[in-house]
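Down below is the structure, laid out as structure tokens.
For the numbers below, each heavy atom of this structure counts, side chains included, while hydrogens, waters and symmetry mates do not. The structure presented is a predicted model; accordingly, all values stated were derived computationally and were not measured.
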Protein chains: 2
Amino acid sequence: MSARKLTPTSYAVLGTLDGAPGTSYDLVQRIGLTIANFWIFSHAQLYDEPARLEEAGYLTSVTEEGGRRRRTYTITEAGRAELHRWLHEPTPGHTEVRDPGLLKLFFADMGDRTAVAALARDQREAHADRAAMYTHLHRTVASLMTPAQAATLDLGIRMERTIADFWDELLAGLGTRPDPASERDP
Amino acid sequence: MSARKLTPTSYAVLGTLDGAPGTSYDLVQRIGLTIANFWIFSHAQLYDEPARLEEAGYLTSVTEEGGRRRRTYTITEAGRAELHRWLHEPTPGHTEVRDPGLLKLFFADMGDRTAVAALARDQREAHADRAAMYTHLHRTVASLMTPAQAATLDLGIRMERTIADFWDELLAGLGTRPDPASERDP
DNA sequence: GAAGGCATGTAATGAGTTACATGATTAT
DNA sequence: ATAATCATGTAACTCATTACATGCCTTC
């Protein structure tokens with residue numbers, strides 16, 4: 001029950017367990033379908049973090065007797081209180097857009113047309129695909145989400161579109177003719 | 001000179017030192033003004049990582065004799081080769097948008113109008129400010145950047161606007177009149 | 001010539017990733 | 001009944017963050 005500063009990981013776990021208890025594997029599933037779209041937590045983190053939160057008194061767990069000895073976590077009152085405290089406190093920290101493609105662009109030599117164009121094409125496709133995927137998700141499962149969850153997905157769509165457009169325009173700006181080496185559309 | 005997988009941090013350092021040698025402090029400055037806008041590396045990382053890169057043969061360093069014993073790093077041929085290899089290799093991994101505000105929204109109870117509205121207002125301001133700041137930066141120092149660097153900044157502006165708009169619309173959707181300090185709904 | 005801040009670095013701790021390991025379940 | 005895959009967890013390692021420590025330079 002030692003004090004420690006909670007991280008975004010902690011709140012992702014607390015928030016996910018609020019409302020329904022679950023095992024680490026459940027967390028992997030629930031978070032994988034939702035939060036992981038914008039903030040990735042590795043599988044192992046979702047095993048470590050609940051253990052820490054239990055140690056801190058924000059969760060309790062029961063371990064299955066037989067077989068796999070699955071551990072199911074439940075949020076405590078203290079956990080719920082901490083979650084709500086966090087929800088109401090001012091939000092510090094700025095948005096990081098950790099995008100490997102963007103990092104590459106930063107160091108790219110615009111003179112190297114082919115390399116930049118290849119990067120731009122890849123990124124455009126990847127982000128357009130993601131935008132489409134989210135849009136589909138939004139249409140199919142929005143009804144199962146809370147309005148707030150649907151809203152985050154909406155932002156996800158907007159951002160992917162913004163990024164896809166950016167690469168698309170960058171590509172156009174390169175004066176790229178359909179490129180000999182590896183083109184798609186006419 | 002042991003092999004190891006390089007991380008984005010590694011490439012940020014290699015890329016920044018390509019063209020001009022520098023100390024860790026120089027890295028802090030150069031990266032702080034540019035890359036840190038979308039991908040933050042802590043001060044200590046920029047001391048640790050060059051040491052690792054030297055160990056791996058991608059950098060060499062000379063240490064000042066007197067006083068502070070400053071260590072200046074220079075990229076090696078191997079380092080440059082690795083940087084270029086990376087620049088030309090396909091880019092895996094998807095964009096993470098690590099935004100504490102967004103994480104909060106995900107768990108927010110839309111019924112709690114005041115809390116959501118407060119969050120939305122804060123975020124809208126913060127992102128609008130950032131968009132303005134980047135725009136200013138772009139106008140004033142774009143000429144000092146490579147076109148690729150200016151392009152990343154351009155994306156930064158677009159993203160911040162997208163996010164600011166999102167919060168703005170969310171706020172409007174809550175049926176919020178201009179707000180006297182903290183009201184509830186009619 | 002003392003105070004305050006910028007420059008420079010390290011140590012301790014904590015978090016995150018990768019790799020490994022194995023138990024259940026399903027499909028063939 | 002075997003292979004394949006899903007579910008579950010831990011261990012080892014690498015990275016990142018925070019805190020600390022101190023040197024140097026400016027300014028008053």
Discussion item. Could you check whether His43(A) and Tyr47(A) have their ring centres less than 6.0 Å apart?
Written reply: yes
Separation of [N] [atom2] from [X] [atom1] (nearest whole Å):
X: Lys5(A); N: dA15(C); atom1: NZ; atom2: P; value: 10 Å
X: Arg4(A); N: dT18(D); atom1: CZ; atom2: C1'; value: 15 Å
X: Tyr25(A); N: dC6(D); atom1: OH; atom2: P; value: 8 Å
X: Leu6(A); N: dT17(D); atom1: CG; atom2: P; value: 17 Å
X: Leu27(B); N: dT8(C); atom1: CG; atom2: C1'; value: 13 Å
X: Arg98(B); N: dG16(C); atom1: CZ; atom2: P; value: 8 Å
X: Glu49(A); N: dA15(C); atom1: CD; atom2: P; value: 7 Å
X: Glu96(A); N: dA16(D); atom1: CD; atom2: P; value: 11 Å

Practice prompt. For Glu54(A) and Thr60(A), test the side chains for any donor-to-acceptor distance below 3.5 angstrom and give the result as yes or no.
Written response: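 Glu54(A) vs Thr60(A): no donor-acceptor pair found between side chains.
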Discussion item. For a quick check under 3.5 Å, do Thr162(B) and Thr162(A) share a side-chain donor-acceptor pair by atom type?
Written reply: yes
Worksheet item: Checking only heavy atoms, does the side chain of His43(B) share a donor-acceptor pair with the base of dG9(C) at less than 3.5 Å?
Response: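 Check passes, donor-acceptor contact within cut-off.
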Nearest to side-chain heavy atoms of [X], which nucleotide of [options]:
X: Tyr47(B); options: dT10(C), dT17(C), dA7(D); answer: dT10(C)
X: Ala44(A); options: dA15(C), dT18(D), dT17(C); answer: dT17(C)
X: Asp48(B); options: dG16(C), dT17(D), dA7(D); answer: dT17(D)

Fill in: Single-linkage hydrophobic cluster, 4.5 Å side-chain cutoff, Phe166(A) and Tyr134(B) together
no
Discussion item. Any salt bridge linking Glu125(B) with Arg130(B)? Criterion: basic side-chain nitrogen under 4.0 Å from a carboxylate oxygen.
Written reply: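 No, this pair does not count.
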May I ask you to evaluate whether [X] reaches the phosphate of [N], defined as a side-chain N or O under 4.0 Å from OP1 or OP2?
X: Arg70(A); N: dG23(C); answer: no
X: Arg71(A); N: dT10(D); answer: yes
X: Thr23(B); N: dA7(C); answer: no
X: Ser42(A); N: dG16(C); answer: no
X: Gln45(A); N: dT17(C); answer: yes
X: Arg52(A); N: dA15(C); answer: yes
X: Thr9(B); N: dA16(D); answer: yes

Worksheet item: DNA chain C: Ile40(A) or Gln29(B), which has the more 5' nearest nucleotide?
Response: Gln29(B)
